[in-house]
Amino acid sequence: MRVAGVSDRLAIHSTVSATVVKSEIGMALKRAARSDARDISVEVRGNDVTLTGAVYRLFERERVRSSAWATPGVRNAVDNMIVAF
């Protein structure tokens, strides 16, 4: 017996929650034992996330961006954060 064809009808629909993204960012910053996510604002529109606010070190900015991108369902992350020394 031979396979005549394969049909893939799998669809993944995921919604993004600002609360979940903010939580992921907070946990990442805690792991770094540096700061918390109090000064970061997360806006979600569909699967797009916009990050605004202040971080205090460049590596914190990168952690916040990485955390947003790593959150399931995020397809685009816009970084409007500033580094406040």
Side-chain angles (χ1 to χ4, degrees):
M1 180 172 230
R2 295 173 41 190
V3 175
V6 176
S7 177
D8 179 7
R9 296 180 187 201
L10 178 65
I12 299 173
H13 298 282
S14 178
T15 58
V16 179
S17 161
T19 304
V20 171
V21 175
K22 183 97 172 183
S23 174
E24 291 292 326
I25 290 168
M27 288 188 297
L29 291 175
K30 266 188 197 168
R31 285 190 298 271
R34 299 286 182 196
S35 183
D36 60 37
R38 274 187 303 210
D39 297 327
I40 305 299
S41 172
V42 178
E43 179 184 338
V44 176
R45 289 192 181 175
N47 295 86
D48 298 334
V49 173
T50 301
L51 305 166
T52 55
V55 292
Y56 301 96
R57 293 171 185 82
L58 289 173
F59 80 89
E60 289 176 347
R61 184 179 194 171
E62 184 56 37
R63 285 212 189 245
V64 170
R65 282 196 313 231
S66 296
S67 296
W69 274 108
T71 303
V74 172
R75 294 216 172 100
N76 185 37
V78 177
D79 176 2
N80 290 334
M81 295 179 290
I82 61 167
V83 179
F85 293 100

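Bear in mind that the values here come from a model prediction, so they are computed numbers and not experimental data.
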- [ ] Could you go through the side-chain contact (heavy atoms from CB on, under 4.5 Å) check for Met81 and Ile40 one step at a time?
- [x] CA-CA 8 Å; Met81 295 179 290; Ile40 305 299; 3.8 Å; yes
TODO: Considering only NZ, NE, NH1 and NH2 on the basic side and carboxylate oxygens on the acidic side, decide whether Glu60 and Arg57 come within less than 4.0 Å.
DONE: yes
Heavy-atom distance under 4.5 Å between the side chains of [X] and [Y], does that happen here?
X: Val64; Y: Leu51; answer: yes
X: Thr71; Y: Val20; answer: yes
X: Val49; Y: Val42; answer: yes

Open item on the list: Once salt bridge (Lys or Arg N to Asp or Glu O under 4.0 Å) is applied, do any residues pair with Asp79, and if so which ones, sequence neighbours excluded?
Closed with: Arg61, Arg65
- [ ] Let me see the working for Val78 and Asp48 under side-chain contact (heavy atoms from CB on, under 4.5 Å), right down to the final yes or no.
- [x] CA-CA 8 Å; Val78 177; Asp48 298 334; over 6 Å; no
Open item on the list: Taking Gly73's backbone N and O only, do any of them form a donor-acceptor pair with Asn47's side chain (distance below 3.5 Å, no angle check)?
Closed with: yes
TODO: Applying side-chain contact (heavy atoms from CB on, under 4.5 Å), name anything that partners Ala54, two or more places apart in sequence or on another chain.
DONE: Tyr56, Ile82, Ala84
Task: Pairwise distance CZ(Arg45) to CG(Asn76) - rounded to 0.5 angstrom - done: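 Result: 12.5 Å between the selected atoms.
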